[in-house]
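The structure appears below as structure tokens.
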Number of protein chains: 2
Amino acid sequence: MEKQTATQVFESLSSGIRLDIYRLLVKRGLEGMVAGQIASALDLPPNNVSFHLKGMTHAGLVSVEQEGRYQRYRANLPLMLELIAYLTEECCAGHPEQCAEIRADSCCPEAVLPPLPKTEMES
Amino acid sequence: MEKQTATQVFESLSSGIRLDIYRLLVKRGLEGMVAGQIASALDLPPNNVSFHLKGMTHAGLVSVEQEGRYQRYRANLPLMLELIAYLTEECCAGHPEQCAEIRADSCCPEAVLPPLPKTEMES
DNA sequence: TGTATATTTCAATAATTCTTGTATAGTTGA
DNA sequence: TCAACTATACAAGAATTATTGAAATATACA
């Protein structure tokens with residue numbers, strides 16, 4: 001996955017309205033929803049919903065299909081799975097045993113820290 | 001998970017710089033990185049990195065621990081797992097068989113659509 | 001045809017976010 | 001204590017994004 005794709009998806013989900021839309025569509029699965037249904041379900045002006053749907057579509061987060069005079073939107077779940085893979089790519093590189101540890105615990109544990117390298121600030 | 005938590009995390013990852021920081025920290029795992037290391041690794045002004053790290057910390061996406069005069073940052077992977085669960089909550093509600101279908105295919109398939117309900121636009 | 005419906009587009013304003021430079025606070029070690 | 005270093009806080013301008021109302025496009029149906 002390209003970095004721009006990832007940031008676009010995150011940008012899409014960074015708004016409460018778009019997050020609501022996405023979660024609504026996830027619940028609907030393959031059935032999806034038409035634009036007006038989404039607007040009335042969330043009690044928002046249709047043109048505002050359309051504005052957000054356009055951005056989400058451009059980011060690939062949702063797909064749209066014309067159905068007569070309706071536009072049916074569906075969540076693109078596989079993209080989300082790709083995104084997760086992108087985020088955890090090379091997770092704990094070189095120390096795979098840490099991955100299991102991190103994933104199992106409730107939060108980054110107050111683990112014993114390795115001492116700082118003698119040469120400070122080398123990348 | 002609360003909606004605000006989710007939007008804050010997504011907002012954090014919607015910037016290319018913050019996404020780079022997060023992925024860098026994910027790779028480092030429990031070791032993490034100190035602020036100056038992050039800045040020089042990404043070739044960015046330290047105060048700009050500090051600005052972004054503050055937001056990420058506030059969103060809970062990274063944790064910070066003081067280490068003498070250094071501030072050591074680590075990615076909060078468990079939060080990401082919670083976030084994914086939040087997103088796919090009630091996925092395909094009422095039609096669990098669709099979930100497997102969606103997850104298996106490469107993208108939302110051009111599935112056969114159910115006909116529109118006779119009463120248009122009811123939520 | 002003509003009218004109603006669904007959705008999008010456009011323009012304008014309000015609000016937020018990003019980046020840079022400068023200044024401040026805290027830590028280290030001589 | 002003093003000087004060097006790490007990191008954050010603050011302020012200002014540029015840039016981006018959100019919301020609303022009005023207008024436009026396209027489909028459906030009588």
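Chain identifiers are assigned alphabetically (A, B, ...) following the order of the sequence lines, protein sequences preceding nucleic acid strands; residue numbering begins at 1 within each chain. Basis for what follows: all heavy atoms, side chains included, without hydrogens, waters or symmetry-related copies.
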TODO: Please identify each residue that fulfils side chain to side chain contact (heavy atoms under 4.5 Å, CB included) with A:I17, with sequence neighbours left out.
DONE: A:S15, A:I21, A:L44, A:N48, A:H52

Task: Listed partners of B:S14 passing side chain to side chain contact (heavy atoms under 4.5 Å, CB included), at least two apart - done: A:F10, A:E11, B:E11, B:R18

Take the protein atom [atom1] of [X] and the nucleotide atom [atom2] of [N], then report the distance between them rounded to whole Å.
{"X": "B:Q8", "N": "C:dT17", "atom1": "CD", "atom2": "P", "answer": "10 Å"}
{"X": "B:Q66", "N": "D:dA7", "atom1": "CD", "atom2": "C1'", "answer": "10 Å"}
{"X": "B:L42", "N": "C:dT19", "atom1": "CG", "atom2": "C1'", "answer": "16 Å"}
{"X": "B:R69", "N": "C:dT28", "atom1": "CZ", "atom2": "P", "answer": "7 Å"}
{"X": "A:H58", "N": "D:dT16", "atom1": "NE2", "atom2": "C1'", "answer": "16 Å"}

Open item on the list: Taking salt bridge (charged side-chain N to carboxylate O under 4.0 Å, His left out) as the definition, give me every residue that meets it alongside A:K3, ordered by chain and number, with sequence neighbours left out.
Closed with: B:D20

TODO: Answer yes or no: does a side-chain N or O of B:Y73 lie under 4.0 Å from OP1 or OP2 of D:dT8?
DONE: yes

Open item on the list: Among residues 44-56 of chain A, which ones have heavy-atom contacts with DNA chain D below 4.0 Å?
Closed with: A:P45, A:N47, A:N48, A:F51, A:H52

Task: Strand contacts (DNA chain D) in residues 9-23 of chain A, 4.0 angstrom heavy-atom criterion - done: A:I17, A:R18

Task: Sidechain-backbone polar pair: B:R28 side chain, B:R23 backbone, donor-acceptor under 3.5 Å - done: no

- [ ] Check for a donor-acceptor pair, side chain of A:Q8 on one end and backbone N or O of A:T5 on the other, with a separation under 3.5 Å.
- [x] no

Open item on the list: My understanding is that only residues two or more places apart in sequence, or in another chain, count here; which of them pass side chain to side chain donor-acceptor pair (under 3.5 Å) with B:N47?
Closed with: none

TODO: Keeping to residues at least two apart or across chains, list the salt bridge (Lys or Arg N to Asp or Glu O under 4.0 Å) pairs with something in residues 41-58 of chain A.
DONE: none

Within-4.5 Å side-chain heavy-atom neighbours: [X] and [Y]:
{"X": "A:L77", "Y": "A:V26", "value": "yes"}
{"X": "B:V49", "Y": "B:L42", "value": "no"}
{"X": "B:V9", "Y": "B:L83", "value": "yes"}
{"X": "A:M33", "Y": "A:Y73", "value": "no"}

TODO: Please determine, for the side chain of A:A35, which listed nucleotide (D:dT8, C:dT8, C:dA4) has the closest atom?
DONE: C:dT8

- [ ] Please round to 10 degrees the angle between the axis of the first five pairs and the axis of the last five pairs in the helix from C:dT1-D:dA30 to C:dA30-D:dT1.
- [x] 30°

